[in-house]
Amino acid sequence: MTARTLIADLSTHDAGPVKVQGWVETVRDQKRVQFVILRDESGSAQLVNPVNDDSAETAASISALMHGSFVTVEGELKHDERVKLGGLEVKVASLSVETTALDSPIDADTGIDKRLDYRFLDLRRPEAQLIFRVQTAIEHAFRQRWIDEGFIEIHTPKLMASASESRAELFEVPYFETTAYLAQSPQLFKQMAQSAGFGKIFEIASAFRADPSFTSRHATEFTSVDAELSWVDSHEDVMAHHEALLADAVAAVVERYGDQVREAFGIELTVPTLPFPRITHAEAKRIVEERGHTIERADGDLDPEAERQVSAHVAETLGHDFVFVTDYPDTVRPFYHMRQGEGSTRSYDLLYKGTEIATGAQREHRIDVLEAQARDKGVDPAEIEGYLDFFRYGTPPHGGFGMGLARVVMLMLGLPSIRETTFLFRGPTRLEP
């Protein structure tokens, strides 16, 4: 049996017999010759079938082909620089229809909601596949650095007996005779690993938020990229690791897919310089006010427009796409973030092209301080006794971050929504497909 050749590999394949498989993109059925554009997971190629008495059966099969049908083709590969699509074509010797297709209910002009209804068809677009190849390169770069630096990968439970962040935005799940909750983040277990002496850990996994938001950057289920490090002196150690990780990821995408990203999305990716700019929360608020935006939030946190203004300021003055906003006030941070003088915390948000992609901090590891900060936030220590136990038997100073993977890919490729960069999006009104 002739082995299948990926279309992307045809350019380096000797002229002669080949077998290709994929789905039909277009058919041009002319009187004396037929042309088929065939696509597989690696690219597209032109098939040609001269119409004559010897090819009548094949010609009939090609004439009946529908867009999206999957076929197996054996034929003769010819390298010809006159062929616009890759400088090659395959002369059809035999064509077998594996599955036929109905007329597609979506096309290039279809809106995102209907495209999501037919996501399995929407993902056939070359640029859609490129999105997930870029995502794969990003994750591989993350893991490579983590492995090189001695991190341990963990897989934390997604069913929990209590909230992992707060009582807000929780999904309840019937669990035998009691109620469980879907994990909002692996935060508690990341810190448990520090008490267990793992030192440095990471996880890339699903997280869940019962957030009724319909913005371009929110989902009810998303992929969270998390890391936690022992023996940090401050959140600066966490930021140094975080920025190196992202610089590696962008470099990997540039090297492998930079040309394709430019062609598909019009984005010229460049590797960010280190270190990333750092701006304190107080300084960020001053910048925002000077640029004419008033933050309406009562808690003093930055709103989305403020994040855009801070990023615009950094892009204009420093030419950088990333910026750490540091030293957030303790009023807008959870009880487990380590506090420092004058009501601020050793914490940060990381903004990328105007949007928050991550939150990080040094954690509070001293049990007496942790209990006091929990009470200060209205959290009864008795309700988090299992979590507090992690710190009763010795825990090193540590810190870490959580980052939304789909947001990173969306912003890197200049796309309008994480619906484009999530394989199967889940939101308040979407549970299918």
Side-chain angles (χ1 to χ4, degrees), residues 138 141-154 156 185-204 224-251 271-284 314 318 320 322-330 332-352 356-367 369-370 373 390-391 394-404 408:
I138 290 170
F142 289 165
R143 282 194 166 91
Q144 191 64 59
R145 174 169 284 272
W146 282 326
I147 291 168
D148 289 347
E149 294 188 1
F151 279 63
I152 297 172
E153 183 170 10
I154 62 173
T156 61
S185 86
Q187 182 60 45
L188 310 187
F189 303 118
K190 288 193 301 179
Q191 292 188 261
M192 189 194 81
Q194 309 312 299
S195 183
F198 276 36
K200 296 180 287 189
I201 62 90
F202 71 91
E203 180 177 31
I204 302 176
S224 185
V225 178
D226 287 86
E228 203 78 15
L229 303 77
S230 284
W231 304 111
V232 303
D233 293 325
S234 75
H235 52 318
E236 179 59 44
D237 296 322
V238 182
M239 287 188 284
H241 173 71
H242 199 166
E243 65 193 2
L245 202 68
L246 281 163
D248 283 358
V250 178
V271 181
T273 57
L274 298 179
F276 292 177
R278 283 126 165 90
I279 294 176
T280 66
H281 181 268
E283 184 182 357
V314 170
L318 301 174
H320 214 290
F322 292 91
V323 57
F324 288 112
V325 179
T326 69
D327 302 358
Y328 272 72
D330 55 28
V332 297
R333 286 314 203 208
F335 72 89
Y336 54 81
H337 281 197
M338 182 174 282
R339 298 179 182 181
Q340 53 189 10
E342 300 180 1
S344 69
T345 58
R346 294 183 177 182
S347 70
Y348 66 86
D349 277 357
L350 177 56
L351 310 184
Y352 181 26
E356 176 209 325
I357 59 170
T359 295
Q362 181 176 3
R363 322 301 186 185
E364 182 53 68
H365 62 283
R366 297 164 295 185
I367 182 62
V369 179
L370 199 57
Q373 290 183 182
F390 301 160
F391 305 92
T395 303
H398 61 279
F401 66 83
M403 179 168 62
V408 173

Q) Rounded to the nearest 0.5 Å, how far does CD1 of Ile204 lie from OG of Ser224? A) 9.5 Å
Q: Could you tell me whether the side chain of His365 reaches within less than 4.5 Å of the side chain of Met338, counting heavy atoms only?
A: yes
Q: Answer yes or no: is there a side-chain heavy-atom contact under 4.5 Å between Leu350 and Phe276?
A: yes
Q. In terms of the angle between their ring planes, are Phe322 and His320 parallel, tilted or perpendicular, with boundaries placed at 30° and 60°?
A. perpendicular
Q: Run the numbers on Ile357 and Leu246 for side chain to side chain contact (heavy atoms under 4.5 Å, CB included), then give the verdict.
A: CA-CA 11 Å; Ile357 59 170; Leu246 281 163; 4.3 Å; yes
Q: Using atom types as modelled and distance alone, determine if a side-chain donor or acceptor of Ser195 lies under 3.5 Å from a backbone N or O of Phe390.
A: yes
Q) Can you name the side-chain hydrogen bond (donor to acceptor under 3.5 Å, both in side chains) partners of Ser230, sequence neighbours left out? A) Gln194
Q. Do Thr156 and Glu203 have side-chain heavy atoms sitting under 4.5 Å apart?
A. yes
**Q.** Spacing of His398 atom NE2 and Phe198 atom CZ [to the nearest 0.5 Å]
**A.** 14.0 Å
Q | Candidate list Val238, Asp248, Leu274, test side chain to side chain contact (heavy atoms under 4.5 Å, CB included), partner Glu243, passing option | A | Leu274
**Q.** Least distance between heavy atoms, Val325 atom then Ala284 atom
**A.** CG1-CB, 4.1 Å
Q.
I'd like to check the ring-ring contact (aromatic ring centres under 6.0 Å, His included) partners of Tyr348; sequence neighbours left out, ordered by chain and number.
A. His242, Phe324
Q. Would you say Thr345 and His235 make side-chain contact, with heavy atoms under 4.5 Å?
A. no
Q: Identify the heavy atoms of Ala358 and Met403 that sit nearest to each other, and give their distance.
A: CB-CB, 3.7 Å
Q. Any salt bridge (Lys or Arg N to Asp or Glu O under 4.0 Å) pairs touching residues 185-194, not counting sequence neighbours?
A. Lys190-Asp226, Lys190-Glu228
Q | Working for ring pair (Phe, Tyr, Trp, His ring centres under 6.0 Å), residues His241 and Phe151 | A | CA-CA 12 Å; His241 173 71; Phe151 279 63; 4.9 Å; yes
**Q.** Residue list, ring-ring contact (aromatic ring centres under 6.0 Å, His included) with Phe189, at least two apart or on another chain
**A.** none
Q) Taking only residues two or more places apart in sequence, or in another chain, which ones meet Tyr328 in a ring-ring contact (aromatic ring centres under 6.0 Å, His included)? A) His281
**Q.** salt bridge (Lys or Arg N to Asp or Glu O under 4.0 Å) pairs, two or more places apart, involving residues 231-241
**A.** Glu236-Arg278
**Q.** Short N-O contact, Arg333 and Asp349, less than 4.0 angstrom
**A.** yes
Q. So do Trp146 and Leu245 actually touch side chain to side chain, heavy atoms under 4.5 Å?
A. yes
Q: With the side chain counted from C-beta on, respond yes when Val369 and Arg339 share a heavy-atom pair under 4.5 Å apart, and no when they do not.
A: no
Q) Which heavy-atom pair separates Val271 from Ala247 by the least distance, and what is that distance? A) CG1-O, 3.9 Å
Q) Does His337 reach the main-chain N or O of Phe335 with its side chain, forming a donor-acceptor pair under 3.5 Å? A) no
**Q.** Min side-chain heavy-atom separation Phe391-Glu364 under 4.5 Å
**A.** no
Q. Got a second to check how far Arg363's CZ is from Gln187's CD, nearest 0.5 Å?
A. 4.0 Å
Q. Judged by atom type as modelled, is there a donor-acceptor pair below 3.5 Å linking the side chain of Ser347 to the main-chain atoms of Thr359?
A. no
Q | CD1-CG distance between Ile279 and Leu318, expressed to the nearest 0.5 angstrom | A | 7.0 Å
(Q) Side chains of Tyr336 and Gln191, heavy atoms from C-beta outward: is any pair under 4.5 Å? (A) yes
Q | Spatial distance of atom CD (Gln362) from atom CE (Met239) [nearest 0.5 Å] | A | 11.0 Å
